[in-house]
Amino acid sequence: WMSRPDEVMLAELGRATSVFPALGGALRSSRPSGMDLDVETTYDFLTDRAAVLDQAGFGVLLPSWWTSRRPVGLRGSARSPEDARVTGGRFSREALVDFQWHLAVGDDLLTEDELAMLASTKAPLVRLRGQWVEVDPDHLQRGLDFLDSQSESTLTAIEVIALAASHPDDLDVPLPVTSIEAEGSLGELLAGSVDRALVPLETPPGLVADLRPYQSRGLSW
């Protein structure tokens, strides 16, 4: 249905270069079929040019790792000190826990070698564990400086819960907080799995009432 599709393709590629000038490199071939981009140009394409090309009527396919990318952020971890006194396997709101910040990609903690590699890389895209990761060098450096300034601290259980429940904009940290994790009973509470482990209690003797489900859970707590 088209007499000279090659000419149409070349004409459209020429139109596309007005949006994404780097495509001009493909036009050096009489029959362009593709081209290689460096990291900086790739990042420019993913963050800006792809959307403009799409709006101009060009079909754009992006890699799945970009559309579902995981941010580099902070993950907090809490654990009970070995000498913490816990009664009956429970913890109180004043129970003390050791708390520490870590850098992570999504939920995956970064190793010392990976941190050193990221710190030495100034590119916006970095190959990490077989996958490309978006990295803002300035934000990353602020995150590394934040870790250097933080030592393992002691918080109460209620402080950890409040930290996990805080809105990201309310936290004075240089990177987004990807998660707050804890071990033991506090970890079950943060993970929302405590309800599944509760042993339902019978209605107390002398109480003449039918407990609603949420009241029964409260009693079991």
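No hydrogens, no waters, no symmetry mates; every other heavy atom, side chains included, goes into these values.
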Could you go step by step and tell me if T42 and W132 meet the side-chain contact (heavy atoms from CB on, under 4.5 Å) rule? CA-CA 11 Å; T42 299; W132 288 100; over 6 Å; no
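- Heavy atoms only, all atoms of each residue included: R142 and P174 are closest at O-CG, 3.6 Å.
- A salt bridge does not link R31 with D6: every distance from a Lys NZ or Arg NE/NH1/NH2 to an Asp or Glu carboxylate oxygen is 4.0 Å or more.
- Under the side-chain hydrogen bond (donor to acceptor under 3.5 Å, both in side chains) criterion, the residue pairs touching residues 54-69 are R69-E134, with sequence neighbours excluded.
- No more than 12 heavy atoms of other residues, nucleotides or ligands lie within 6.0 Å of CG in D36, so this atom counts as exposed by the packing criterion.
- Contact detail for T203 and A209: the closest heavy-atom pair is CG2-O, 4.1 Å.
- Contact record, L103 with L175: CD2-CD1, 3.3 Å, taken as the closest heavy-atom pair.
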Going through the distances and angles, do V135 and Y43 end up as a side-chain contact (heavy atoms from CB on, under 4.5 Å)? CA-CA 10 Å; V135 177; Y43 187 69; over 6 Å; no
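- The only option from L128, V133, D136 that meets the side chain to side chain contact (heavy atoms under 4.5 Å, CB included) definition with V72 turns out to be V133.
- In this structure, R70 pairs ionically with D108, as a charged nitrogen and a carboxylate oxygen lie closer than 4.0 Å.
- Looking only at distances, no side-chain donor or acceptor of R15 sits under 3.5 Å from a matching main-chain atom of S18.
- Few gaps surround CG on D148; more than 12 heavy atoms of other groups in view lie less than 6.0 Å from it.
- Between the side chains of D38 and T41, at least one donor N or O sits under 3.5 Å from an acceptor N or O.
- Taken from OG1 in T178 to NE2 in H102, the straight-line distance is 10.5 Å, to the nearest 0.5 Å.
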